[in-house]
Amino acid sequence: MLMLLVEDDPMIARELSLRWQQRGWQLQCAASLAAARVALAQPGLFDLLLLDRGLPDGDGLDLMAEFRLSDKRTPVLLLTARDQVADRVQGLRLGADDYLVKPFAPEELDARIESLLRRAGKTPGQRLSFGELHWLGDEGRACLGEQALDLSPREFEVLGLLVQRAPRLLPKRALIDALAERNLDINDSAAEVYVSRLRSRLAGSGVAIRTVRGFGYQLALEAGPTP
């Protein structure tokens, strides 16, 4: 799961990022409306948008109104110190799915995110499939049809990140951050190494890993398995 947090308080951004890494939730942060617009330039990249209102270059509601012109389905949760009923009503009417006032309990924010993702049908499960590829997180194994894949633990982890996002893009930065959580010495080239290994494992299966240069990777279905 990949979320965008538009928040100019670096302490809040850092604390939430560290908290959610432990849950396997990937977070990209933007400290201004301008930075958020750049991040949102690629449609369908994020599973959820967390949006502050009082930003250095304007009101977060302006960004939400723009966002809703092209995307009416991705959940938006407003995080703001504005606690008046009129502020909440305005935010919800302009397209927000939920509204949480600062200061907030992190546990409540987690619960609201989970609720929004359930409603949107985006909660990542432990058993995921894409074409003939099946990723069984609760069993720690993956297969192509009935054939088990021989994967290292790290390859299994990378494949899970790809399947969870499929067919949408998995940003390379999010992949690297996920790998680095358990190995502080990992470098950027590690993502390319693991993706290359997985490509070899999936060769001829009808499922391919495509590179979107400058952005990341995505799973795609080919015409069909090679006989």
Side-chain angles (χ1 to χ4, degrees), residues 1-7 13 16-17 19-20 23-53 55 58-80 82 87-101 104 108-131 133 135 137 160-175 177-178 207 209-210 212 215-221:
M1 181 175 67
L2 179 63
M3 300 180 289
L4 176 64
L5 173 65
V6 187
E7 169 62 65
L16 291 179
S17 181
R19 175 183 179 83
W20 290 336
R23 303 195 60 168
W25 296 1
Q26 297 299 313
L27 183 67
Q28 183 171 329
C29 299
S32 66
L33 294 179
R37 288 186 177 103
V38 172
L40 292 170
Q42 185 166 332
L45 181 61
F46 299 99
D47 296 292
L48 186 141
L49 175 61
L50 298 151
L51 183 59
D52 189 11
R53 286 197 57 178
L55 293 159
D59 190 333
L61 290 187
D62 294 333
L63 176 66
M64 187 175 67
E66 297 170 15
F67 181 63
R68 283 296 184 230
L69 290 176
S70 59
D71 188 328
K72 300 185 184 303
R73 300 185 61 182
T74 299
V76 177
L77 195 161
L78 292 177
L79 291 174
T80 175
R82 303 185 187 187
D87 293 319
R88 300 186 194 191
V89 170
Q90 181 186 24
L92 294 170
R93 283 182 172 169
L94 288 177
D97 296 279
D98 203 353
Y99 196 110
L100 187 59
V101 175
F104 53 82
E108 181 179 1
L109 178 56
D110 289 354
R112 287 175 182 260
I113 289 172
E114 291 167 352
S115 177
L116 288 174
L117 292 173
R118 281 196 303 271
R119 278 187 258 162
K122 293 187 176 184
T123 305
Q126 287 297 306
R127 290 172 172 255
L128 304 168
S129 296
F130 186 73
L133 175 62
W135 186 83
L161 292 168
L162 286 163
V163 178
Q164 288 173 19
R165 294 288 301 170
R168 291 177 299 161
L169 180 81
L170 172 66
K172 187 175 182 180
R173 186 72 255 166
L175 176 54
D177 288 345
V207 178
I209 302 175
R210 293 179 179 169
V212 181
F215 290 97
Y217 309 97
Q218 63 184 149
L219 287 181
L221 296 179

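Nothing here was measured: the structure is a model prediction, and the numbers come from that model.
- The side-chain heavy atoms of I113 and W20, taken from C-beta on, include a pair separated by under 4.5 Å.
- Counting only heavy atoms from C-beta outward, the side chains of L40 and L63 approach each other to under 4.5 Å.
- Between E7 and L50 there is no side-chain heavy-atom pair separated by less than 4.5 Å.
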> Where do D87 and Y99 land on the side-chain contact (heavy atoms from CB on, under 4.5 Å) test, with the steps shown first?
Replying inline: CA-CA 10 Å; D87 293 319; Y99 196 110; 3.5 Å; yes

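- V101 places a side-chain heavy atom less than 4.5 Å from the side chain of R88.
- Atom NZ of K172 sits about 13.0 Å away from atom CZ of F215, to the nearest 0.5 Å.
- Remark: F104 CZ is packed, more than 12 non-hydrogen atoms of other residues, nucleotides or ligands lying under 6.0 Å away.
- Taking the side chain as every heavy atom from C-beta outward, R53 and Q90 approach each other to under 4.5 Å.
- Checked by atom type and distance alone, the side chain of Q218 pairs as donor or acceptor with a backbone atom of P167 at under 3.5 Å.
- Under the side-chain contact (heavy atoms from CB on, under 4.5 Å) test applied with L116, the options D98, V76, T74 reduce to a single match, D98.
- Across every non-hydrogen atom of L5 and A13, the tightest pair is CD2-CA, 3.8 Å.
- Side chains of R19 and D110 form a contact here, defined as non-hydrogen atoms less than 4.5 Å apart.
- L61 and D59 make their closest contact through N-OD1, 2.9 Å (heavy atoms, listed as atom of the first residue, atom of the second, distance).
- Within the 4.5 Å cutoff, the side chain of L16 has heavy atoms near those of the L109 side chain.
- Residues A36 and V6 share a closest heavy-atom pair of CB-CG2, 3.7 Å.
- Annotation: the span from R112 atom CZ to L77 atom CG amounts to 7.0 Å, rounded to 0.5 Å.
- With a 4.5 Å cut-off on side-chain heavy atoms, L49 and M64 do not count as touching.
- Closest heavy-atom contact between L78 and G91: CD1-CA, 3.7 Å.
- Of all heavy-atom pairs between G131 and L221, the closest is CA-CD2, 3.8 Å.
- Heavy atoms only, all atoms of each residue included: L2 and A174 are closest at CD1-CB, 4.4 Å.
- The line from CZ of F46 to CD of Q28 is 4.0 Å long, rounded to the nearest 0.5 Å.
- Put simply, CG on L170 and CG on L219 are 9.0 Å apart, with the number rounded to the nearest 0.5 Å.
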